[in-house]
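On a predicted model such as this, the values are computed, not experimentally measured, just so you know.
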Amino acid sequence: MFDINQLDQKKVFTKSMDPSLSSLKELYDDGDLITNPDYQREFVYTDKESSSLIESLLLGIPIPTVYLCEENDETYSVIDGQQRITSFVKYLKNEFALTKLKVLRDLNGKLFKELDGPFQKKLKNSTIHAICLCKESQELKYEIFARLNLGSKHLNSQEIRNCIYRGSFNNMLNDLAKDTKNLPELFSKSKSKNDNRKAYQERILRFFALRDYANYGSSISKTLNTYMSKHQNDTDEELKQMKDLFKGTIDIIKQVLGENAFSAVSVDNETYINKFSPSVYDSIMIPFSYFNKNALMRHSDEIREKIDNIRKNNIEYRGYSEKSTASKSCVIGRIQIIFDAIYSCMSDDDMNGSKRLFSLETKQQLWHEGYICPYCHNEILSIDDAEVDHIIAFSKGGETTIDNAQLLHKYCNRVKSANDEDWDLSLIHISEPTRLQLIS
């Protein structure tokens with residue numbers, strides 16, 4: 001990750017410019033002004049916000065400085081000021097009419113071409129101050145963008161990550177947000193179905209970052225940042241596995257639970273409402289991703305009924321999903337409840353036979369007070385909280401014998417198994433499903 005002090009150790013070459021609105025439009029029309037480089041968010045200003053900017057110019061109110069970067073091909077990209085510049089260009093191109101002006105009210109409803117001559121001339125000749133990063137320093141444009149916007153209330157967290165953690169993983173998030181066919185139906189529970197603030201990308205990131213839920217701390221934001229930093233430049237092979245996992249999980253959830261899979265529940269607990277719930281999303285996506293798709297389909301009716309009952313009637317689950325939802329106990333708790341519900345629907349055939357499973361006698365032989373889980377290095381407080389795991393994985397030739405056995409917390413065993421290269425449902429070693437006792 002970029003060291004913020006690096007900027008202070010490099011010479012930054014800049015030049016000042018004061019382009020007119022007409023010259024900005026001309027640069028834009030000629031393809032020489034790039035307002036949406038890859039690190040920028042989409043244009044999100046409303047017509048009202050853009051109109052207010054136009055009114056400010058007409059009234060002679062100073063507009064904040066914008067920052068540009070001179071590229072090698074002699075074009076200019078916008079580092080900061082995208083919303084302002086795009087608003088000006090769009091208005092000069094007659095793409096919206098002025099609206100809700102508070103001072104120049106007579107101009108409301110007018111396109112640029114409908115303004116009187118003096119107003120048109122005033123706008124075209126108006127200038128905005130720009131600081132341009134010269135070609136010699138263009139490699140710093142991403143860091144300068146981050147510095148300018150980290151404290152900005154107009155950028156949300158994922159838009160900041162989109163800049164700071166640029167790389168193959170971020171590109172994959174953008175691809176999944178754009179190309180996964182069921183996302184609009186499952187994710188868009190508000191009036192607008194446009195994902196123009198990186199909301200889809202953050203939800204996809206959330207899925208990957210929370211899959212290792214046994215090791216979750218206490219901050220969703222920190223967890224997402226850490227995960228993006230760690231996976232910033234993952235290989236094509238790693239990204240393909242992630243893509244397949246996410247798309248496969250979304251697809252099976254849509255088939256089993258339908259369009260309300262991630263919806264919030266009404267106050268009376270009777271119906272699903274048109275509102276996306278991040279906590280419900282966590283609790284559904286992560287458990288589903290740990291099970292074989294064919295097994296999930298075979299038991300789809302039972303799974304659907306159990307999860308529907310949990311979401312509407314399980315007080316413990318509702319508590320984990322509605323209050324202090326980012327706390328460790330709530331994150332682990334809601335995921336584990338759904339995981340246990342799905343697991344309880346599975347048969348021995350779904351577990352691919354019993355050769356992989358250790359006996360209860362082996363578990364009792366291994367157990368003793370003070371036993372430390374090799375995965376999380378915390379004490380296993382009760383034998384009921386433990387599962388027997390192969391030290392050398394069964395899939396890699398490990399035998400189901402006591403010499404190749406160790407105890408892990410239940411959720412540690414499941415997360416460890418899920419991280420194995422050839423993980424499938426049959427690698428979960430659960431002798432009898434019991435509720436998770438959380439470790440504080």
Side-chain angles (χ1 to χ4, degrees), residues 157 202-228 230 249 253 261-265 267 269 275-291 303 306-344 367 369-387 389 407-419 428 430 432-440:
S157 297
E202 184 168 73
R203 292 168 189 173
I204 297 167
L205 168 62
R206 190 177 174 113
F207 164 69
F208 291 118
L210 290 180
R211 284 195 82 234
D212 188 9
Y213 61 97
N215 290 319
Y216 172 74
S218 59
S219 168
I220 292 289
S221 180
K222 183 177 179 180
T223 299
L224 300 186
N225 293 342
T226 300
Y227 193 89
M228 280 204 74
K230 180 179 178 181
T249 304
I253 287 174
F262 309 136
S263 296
V265 178
V267 177
N269 301 346
K275 180 181 179 182
F276 177 87
S277 171
S279 56
V280 170
Y281 168 75
D282 299 338
S283 73
I284 300 296
M285 279 290 290
I286 292 169
F288 265 79
S289 71
Y290 285 157
F291 288 87
I303 291 171
K306 284 197 173 187
I307 291 179
D308 182 70
N309 182 59
I310 288 171
R311 291 171 64 186
K312 293 180 178 178
N313 302 312
N314 188 306
I315 296 176
E316 184 182 19
Y317 176 84
R318 295 291 297 269
Y320 287 149
S321 303
E322 296 175 358
K323 297 178 181 179
S324 301
T325 56
S327 68
K328 181 173 183 176
S329 61
C330 287
V331 170
I332 295 176
R334 62 177 177 260
I335 293 172
Q336 196 65 51
I337 287 175
I338 298 297
F339 190 106
D340 288 346
I342 297 174
Y343 178 79
S344 69
W367 164 251
E369 289 188 7
Y371 194 105
I372 302 299
C373 172
Y375 187 81
C376 70
H377 307 295
N378 289 307
E379 181 181 353
I380 301 177
L381 300 178
S382 166
I383 190 172
D384 291 332
D385 297 331
E387 291 172 359
D389 169 65
L407 292 181
L408 273 69
H409 288 103
K410 290 182 178 180
Y411 57 87
C412 290
N413 188 34
R414 296 167 192 183
V415 172
K416 172 182 175 294
S417 297
N419 289 331
I428 303 178
I430 305 177
E432 71 283 338
T434 58
R435 287 293 304 123
L436 169 71
Q437 179 175 342
L438 297 174
I439 294 180
S440 59

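Scanning all heavy atoms of the two residues, the minimum distance from R206 to L224 falls at CA-CD2, 3.6 Å. When all heavy atoms of T249 and M285 are compared, the closest pair comes out as CG2-O, 3.5 Å. In terms of heavy atoms, S344 sits closest to A341 at OG-O, 2.7 Å. For S329 against Y320, the heavy-atom pair with the smallest separation is O-CE2, 3.8 Å. When all heavy atoms of R311 and A261 are compared, the pair lying nearest together is NH1-O, 3.0 Å. The two residues G319 and C330 come nearest to each other via the heavy atoms O-SG, 4.3 Å.
Between the CD1 atom in I220 and the CG atom in L205 there is a gap of 10.0 Å [rounded to 0.5 Å]. Annotation: the span from D385 atom CG to N378 atom CG amounts to 12.0 Å, rounded to 0.5 Å. Annotation: the span from I286 atom CD1 to D212 atom CG amounts to 9.5 Å, rounded to 0.5 Å. In this structure, CG on L408 lies 5.0 Å from CG on D389, to the nearest 0.5 angstrom. Separating the CG atom in L381 from the NE2 atom in H409 is a distance of 6.0 Å, to the nearest 0.5 Å. Here CZ of R211 is found 10.5 Å from CD1 of I335. Values are rounded to the nearest 0.5 Å.
With hydrogens and angles disregarded, a donor-acceptor distance shorter than 3.5 Å links the side chain of Y371 to the backbone of L407. Not one N or O on the side chain of T325 forms a donor-acceptor pair closer than 3.5 Å with the backbone of S321.
For S279, the side chain to side chain donor-acceptor pair (under 3.5 Å) criterion is met by S277, not counting sequence neighbours. Looking at residues two or more places apart in sequence or on another chain, you find a salt bridge (Lys or Arg N to Asp or Glu O under 4.0 Å) between K312 and D308.
Paired with F262 under the rule ring pair (Phe, Tyr, Trp, His ring centres under 6.0 Å), one option of F207, Y281, F288 passes, and it is Y281.
Under a cutoff of 6.0 Å and an axis angle of 45°, R203 and F276 form a cation-pi pair.
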Can you check side-chain contact (heavy atoms from CB on, under 4.5 Å) on I204 and F208, steps first, answer last? CA-CA 7 Å; I204 297 167; F208 291 118; 3.7 Å; yes
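When only modelled atom types and interatomic distance are considered, S283 and Y317 share a side-chain donor-acceptor pair under 3.5 Å.
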